[in-house]
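The structure appears below as structure tokens.
Letters go in sequence order (proteins before strands), and every chain restarts at 1. In this text the structure is predicted, and so the values were computed from the model without any measurement. Hydrogens, waters and symmetry mates play no part in the numbers below; they use all other heavy atoms, side chains included.
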Amino acid sequence: MRRLVLAIYSLLIVVPLVVIVGGSFKTTADLFASPFGPPTRPTLDNYVTILAKQDLLRVLGNSILVVAVSVPVTLLLGSLVAFAVARLPRWPSRILFGIFALGLAVPAQAVMIPQYVQFDRLGLRNSLTGLMLVNVVVTLPVAVFILAGFMRTLPVELFEAAEIDGAGSWAAYRRIAVPVSAPSLAATAIFLVVMHWNDLLYPLLFIDDPAKRTLPLALLDFQGEYLTEYPLLFTGVVVASLPMVLAYAFLQRHFVAGITAGAVKG
Amino acid sequence: MRSSRALYLFAAPALALYGGFFLLPAVQGLRYATTDWDGYSPAFHDVGAANLTDVVTDDDLFRHALTNNLKFLLVVVLGQTALALLLAVLLAARSRGSTWLRALFFLPTVLSSVSVAFIWKFVYDPNFGLANAVLRGVGLGRFESAYLGNEGTAILWVAVAQIWFHAGQMMVVYIAGINQIPGELYDAARTDGAGRWQQFRHVTWPMIAPATALVVAYTTLQSFKAFDLILGLAGNPPRSSLDVLATRIYSTFANSQLGYAAAESIVFMVAIALVTFLQNRAARVAHG
């Protein structure tokens with residue numbers, strides 16, 4: 001019974017994924033002739049088409065850039081707040097934390113419209129800088145939540161010892177809090193990477209210029225263009241997913257910890 | 001107190017960004033909601049509470065989206081929680097095989113919503129799709145269906161895709177919960193002659209109540225706010241049979257009815273607050 005359930009669910013996960021990957025090497029006719037079978041005449045045409053026509057390398061670069069900037073900035077700002085939350089006296093700490101906790105309760109859809117207007121006025125719309133900024137802003141609450149949750153459990157003496165030695169708060173943050181929080185920083189980082197890499201809402205709202213699209217947005221555009229040209233859509237899925245899937249394969253435990261921490265707190 | 005001042009400085013940059021680009025627009029949204037602004041015209045009118053009353057009392061599309069939200073929520077919360085629990089119970093004990101399967105079941109979570117949407121678009125394709133092909137293959141061809149093509153039930157098939165997407169994530173939460181149960185409880189239950197089902201019913205289930213509360217709470221919020229996956233399956237602009245509140249708001253906004261969309265957002269937020277509140281009440285009642 002146990003084996004049967006697990007086998008069925010494994011198939012439910014594996015079969016669609018195998019069909020997608022296999023399909024990306026097939027022509028449309030081949031796919032419809034035998035969706036399950038291995039490609040009879042494997043072709044890289046879909047990859048060539050997509051990389052050439054869709055400017056996919058550029059799109060990939062945009063996604064990488066956005067993640068590479070917004071994740072470290074969010075981590076830095078979030079960990080500074082978390083440190084303040086852990087070290088401030090009771091009430092200021094609660095208020096500071098409460099302000100950020102508010103952001104967890106408010107869904108993006110409730111803020112995105114005025115944000116759109118604001119970013120438009122500031123000339124930050126249709127720019128990767130704007131996208132990075134909004135990424136940082138919307139994920140700060142989760143980062144603060146996870147990191148403060150961790151830093152509050154650290155013994156006060158740890159920081160006090162550093163501060164008494166005349167080191168000051170900055171040194172206590174940099175030399176004690178950051179190294180000690182490494183595991184929770186790593187978990188937060190992974191959560192943020194996955195979230196920013198896969199985000200569709202803000203690129204959809206903020207980006208009009210095709211040259212500034214990120215992967216999920218470019219992928220969504222394929223659908224309009226190729227409609228039921230599944231092999232091309234599949235190729236897009238493979239290209240967009242490969243970086244995360246590879247990272248997951250190597251850093252499995254950290255991925256699970258990160259995404260789960262984000263889920264639990266966010 | 002010197003150090004306190006330094007701590008405020010630490011928090012200042014984050015507070016400035018978050019205050020300026022999140023809290024401030026959140027408040028501005030309330031203002032837009034009382035106007036008929038299209039988003040770019042210099043002139044617009046103050047319409048007071050007209051938008052809000054329209055949304056609540058006189059908007060069939062919005063109501064349809066809300067109904068879809070509730071159907072989706074119900075199926076995802078019940079289905080995902082049950083599935084996550086089942087998988088967690090089966091995989092909680094560490095062994096080579098279970099480690100592999102856990103990794104496999106978690107895998108969809110790292111994909112992007114748009115990727116997952118495309119995968120399921122193909123599964124559900126009425127002509128070439130996997131689902132119908134499998135049904136034909138096992139001789140159940142008479143159950144072939146148009147899935148996303150059926151007005152009333154399309155959203156339920158999206159719910160299935162959502163469960164496939166995130167059940168592994170919730171399974172992990174459950175596994176963590178199960179692994180915290182002291183082994184002696186099971187030993188005691190076994191000495192009392194409890195079978196596997198009784199062990200589950202009298203030890204596992206009560207001991208993982210906190211995990212269940214967490215899974216249900218998170219799944220509820222996540223499914224109520226679902227946007228990317230649904231948009232990916234519905235296409236852009238989204239097809240209305242798949243509309244939920246989040247995609248409805250997006251459509252209104254993309255349709256240059258910014259003031260009205262802001263009003264819809266407010267109702268959406270209140271709905272979320274209400275769902276969360278009811279759920280907390282339910283959880284408290286359930287815990288006695």
Below 4.5 Å from any heavy atom of chain B, which atoms of Arg3(A) appear? Answer side chain, backbone, both or neither. neither
Among Leu258(B), Val114(B), Ile272(B), the residue with the most heavy-atom pairs under 4.5 Å to chain A is Val114(B)
Student check: side-chain heavy atoms of Val15(A) and Val134(B) closer than 4.5 Å: no
Would you say Val256(A) and Arg102(B) make side-chain contact, with heavy atoms under 4.5 Å? no
Under 4.5 Å between any side-chain heavy atoms of Ser113(B) and Pro216(A), yes or no? no
Is Ile266(B) close to chain A through its backbone or its side chain, or both, or neither, when contacts mean heavy atoms under 4.5 Å? neither
Could you pull out the closest heavy-atom pair between Leu219(A) and Phe118(B), with the gap in Å? O-CZ, 3.1 Å
With a 4.5 angstrom heavy-atom cut-off, could you sort out which part of Ile119(B) is near chain A: side chain, backbone, both or neither? both
Who among Thr109(B), Leu107(B), Leu24(B) has the most heavy-atom pairs with chain A under 4.5 Å? Leu107(B)
Restricting to non-hydrogen atoms, name the atom on Leu17(B) and the atom on Leu133(A) that form the minimum distance, rounded to 0.1 Å. CD2-CD1, 3.8 Å
Against chain B, label Val14(A) side chain, backbone, both or neither, depending on which of its atoms sit under 4.5 Å from a heavy atom there. side chain
Looking only at non-hydrogen atoms, find the nearest pair between Val81(A) and Ala11(B) and report the distance. CG2-CA, 4.1 Å
Return the minimal non-hydrogen interatomic distance between Ala103(B) and Tyr248(A), and the atom names on each side. O-OH, 2.7 Å
Using side chain to side chain contact (heavy atoms under 4.5 Å, CB included), reason through Phe10(B) and Leu96(A) one step at a time and then give a plain yes or no. CA-CA 12 Å; Phe10(B) 279 19; Leu96(A) 181 64; over 6 Å; no
Distance check, rounded to the nearest 0.5 Å: Ile113(A) atom CD1 versus Gln257(B) atom CD? 11.0 Å
Hey, what do you get for OH (Tyr250(B)) to CG (Leu205(A)), rounding to the nearest 0.5 Å? 6.5 Å
So which part of Leu111(B) gets closer than 4.5 Å to some heavy atom of chain A, the side chain, the backbone, both or neither? both
Rounded to the nearest 0.5 Å, how far apart are CG of Leu6(A) and CG of Leu91(B)? 5.0 Å
Heavy-atom proximity to chain B below 4.5 Å, by part of Leu201(A): both
Please tell me if the side chains of Ile259(A) and Val172(B) come closer than 4.5 Å, counting only heavy atoms from C-beta onward. no
Who wins among Pro13(B), Ala217(B), Gly232(B), Gly168(B) for the most heavy-atom pairs under 4.5 Å with chain A? Gly232(B)
How far apart are the closest heavy atoms of Val173(B) and Thr260(A), and which atoms are they? CG2-CG2, 3.6 Å
Kindly compute the distance separating CG (Leu217(A)) from OG (Ser112(B)), expressed to the nearest 0.5 Å. 11.5 Å
Kindly say whether Val110(B) contributes a backbone atom to a donor-acceptor pair with the side chain of Trp197(A) at under 3.5 angstrom? no
Part of Phe22(B) within contact of chain A (heavy atom distance under 4.5 Å): both
Hey, what's the ring geometry for Phe128(B) with Phe32(A), parallel, tilted or perpendicular (30° and 60° as the breaks)? parallel
Under 4.5 Å to a heavy atom of chain B? For Tyr116(A) that would be side chain
Using non-hydrogen atoms and a 4.5 Å limit, figure out which bit of Leu220(A) sits close to chain B: side chain, backbone, both or neither. both
Which portion of Leu140(A) sits near chain B, non-hydrogen atoms under 4.5 angstrom: side chain
Atom group of Leu83(B) that falls short of 4.5 Å from chain A, counting heavy atoms: side chain
How close do Ala167(B) and Tyr9(A) get, counting heavy atoms only, and between which atoms? CB-OH, 3.8 Å
Does any heavy atom of chain A fall under 4.5 Å from the side chain of Trp37(B), the backbone, both, or neither of them? side chain
Starting at CG of Asp125(B), measure out to OH of Tyr230(A) and round the result to the nearest 0.5 Å. 3.5 Å
Is the side chain of Gln115(A) donor-acceptor paired with the backbone N or O of Phe21(B) at a distance under 3.5 Å, no angle test? yes
Under a 4.5 Å cut-off applied to non-hydrogen side-chain atoms, are Ile99(A) and Leu23(B) in contact? yes
If you define the side chain from C-beta out and look only at heavy atoms, does anything of Leu102(A) sit under 4.5 Å from Tyr18(B)? yes
Can you tell which part of Phe253(B) gets under 4.5 Å to a heavy atom of chain A, answering side chain, backbone, both or neither? side chain
Report yes or no: does Gln109(A) contribute a side-chain atom to a donor-acceptor pair with the main-chain N or O of Glu264(B) at less than 3.5 Å? no
Mind checking the CG-CG spacing from Leu80(A) to Leu9(B)? Nearest 0.5 Å is all I need. 10.5 Å
For the rings on Phe234(A) and Phe122(B), is their centre-to-centre separation under 6.0 Å? yes
